[in-house]
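Working notes for the structure below.
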Amino acid sequence: EVQLVESGGGLVQAGGSLRLSCAASGFTFDDYAIGWFRQAPGKEREGVSCISSSDGSTYYADSVKGRFTISSDNAKNTVYLQMNSLKPEDTAVYYCAALGAQPCTVVAGATYYGMDYWGKGTLVTVSS
């Protein structure tokens with residue numbers, strides 16, 4: 001059974017940090033690009049960051065560049081998203097998703113149906 005399980009969300013004050021984890025199982029982790037997406041209330045889901053094993057590429061949305069860092073521990077089948085200098089506008093449900101054998105340029109613009117697998121999400125709330 002394929003699973004993507006997010007964790008690490010919570011409530012943090014503006015300027016604080018959180019580290020999200022995405023633990024994957026049931027598929028060959030090394031063959032997939034893993035993306036982080038977020039959806040704020042009343043807004044569309046947007047791609048935040050990505051790391052791809054197929055070409056070693058990474059991607060960051062302009063809104064998080066310089067504040068968020070994505071990394072991968074292939075031995076643990078886990079991708080992390082370190083989020084620093086958090087802002088209230090970062091408040092959203094954060095989802096990780098996997099897409100097979102594609103670079104992050106594809107994941108960056110992917111819609112829900114453009115990804116192979118999705119996790120259920122973890123809520124990040126940044127208070128002002």
Side-chain angles (χ1 to χ4, degrees):
E1 179 188 5
V2 171
Q3 281 193 316
L4 290 170
V5 180
E6 303 94 337
S7 61
L11 174 63
V12 64
Q13 287 188 332
S17 299
L18 285 173
R19 189 177 80 156
L20 304 184
S21 299
C22 172
S25 61
F27 61 95
T28 306
F29 184 79
D30 292 354
D31 293 341
Y32 281 73
I34 304 295
W36 283 99
F37 297 77
R38 66 186 182 186
Q39 188 165 20
K43 295 188 177 180
E44 292 188 355
R45 194 171 300 193
E46 63 172 344
V48 174
S49 185
C50 169
I51 188 165
S52 174
S53 295
S54 66
D55 66 349
S57 63
T58 58
Y59 160 81
Y60 296 96
D62 287 344
S63 57
V64 306
K65 278 181 183 176
R67 300 188 298 122
F68 290 11
T69 303
I70 194 168
S71 61
S72 177
D73 185 337
N74 287 12
K76 295 183 178 180
N77 286 3
T78 300
V79 170
Y80 303 97
L81 186 68
Q82 178 67 43
M83 307 187 297
N84 298 328
S85 302
L86 283 161
K87 304 175 181 180
E89 51 263 43
D90 294 317
T91 295
V93 178
Y94 283 71
Y95 302 88
C96 66
L99 182 62
Q102 294 290 340
C104 283
T105 49
V106 175
V107 173
T111 63
Y112 177 84
Y113 294 104
M115 300 296 289
D116 292 328
Y117 310 118
W118 286 89
K120 294 183 179 180
T122 184
L123 177 62
V124 171
T125 303
V126 184
S127 63
S128 57

Not counting sequence neighbours, which residues clear side chain to side chain contact (heavy atoms under 4.5 Å, CB included) with Ser52? List them please.
-> Ala33, Ser54, Asp55, Ser57, Cys104
Please name the pair of heavy atoms, one in Leu4 and one in Ala97, separated by the smallest distance, quoted to 0.1 Å.
-> CD1-CA, 3.7 Å
Please list all pairs passing the side-chain hydrogen bond (donor to acceptor under 3.5 Å, both in side chains) test where one or both residues lie in residues 108-128, with sequence neighbours left out.
-> none
Can you name the one residue among Val124, Leu81, Leu11 that meets side-chain contact (heavy atoms from CB on, under 4.5 Å) with Leu18?
-> Val124
Side chain to side chain contact (heavy atoms under 4.5 Å, CB included) against Asp30, all qualifying residues, sequence neighbours excluded | Asn74
Going by the side-chain contact (heavy atoms from CB on, under 4.5 Å) test, name the single residue among Ile34, Ile51, Leu20 that passes it with Ile70.
-> Ile51
Output every pair passing side-chain hydrogen bond (donor to acceptor under 3.5 Å, both in side chains) with a member in residues 77-104, not counting sequence neighbours, ordered by first then second residue.
-> Ser17-Asn84, Arg38-Asp90, Arg38-Tyr94, Arg67-Asp90, Gln82-Asn84
Is it possible for you to say whether Trp36 and Val126 belong to one hydrophobic cluster, with membership spreading through side-chain heavy-atom contacts below 4.5 Å?
-> yes
Partners meeting salt bridge (Lys or Arg N to Asp or Glu O under 4.0 Å) with Asp62 (sequence neighbours left out) | Lys65
Under the side chain to side chain contact (heavy atoms under 4.5 Å, CB included) test, which residues partner Ser25, sequence neighbours left out?
-> Gln3
Got a sec, which pairs hit disulfide bond (SG atoms under 2.5 Å apart) with one end in residues 65-103, sequence neighbours left out?
-> Cys22-Cys96
Distance col, row Lys76:NZ vs Phe29:CZ, nearest 0.5 angstrom, shows 12.0 Å
Side chain to side chain, Leu86 and Phe68, heavy atoms closer than 4.5 Å = yes
State plainly whether one hydrophobic cluster holds both Phe37 and Leu123, where clusters connect Ile, Leu, Val, Met, Phe, Trp and Tyr through side-chain heavy atoms under 4.5 angstrom apart.
-> yes
Connected via hydrophobic side-chain network under 4.5 Å: Val5 and Val2 = no
Contacts of type side chain to side chain contact (heavy atoms under 4.5 Å, CB included), residue Ala61, not counting sequence neighbours | Tyr59, Ser63, Val64
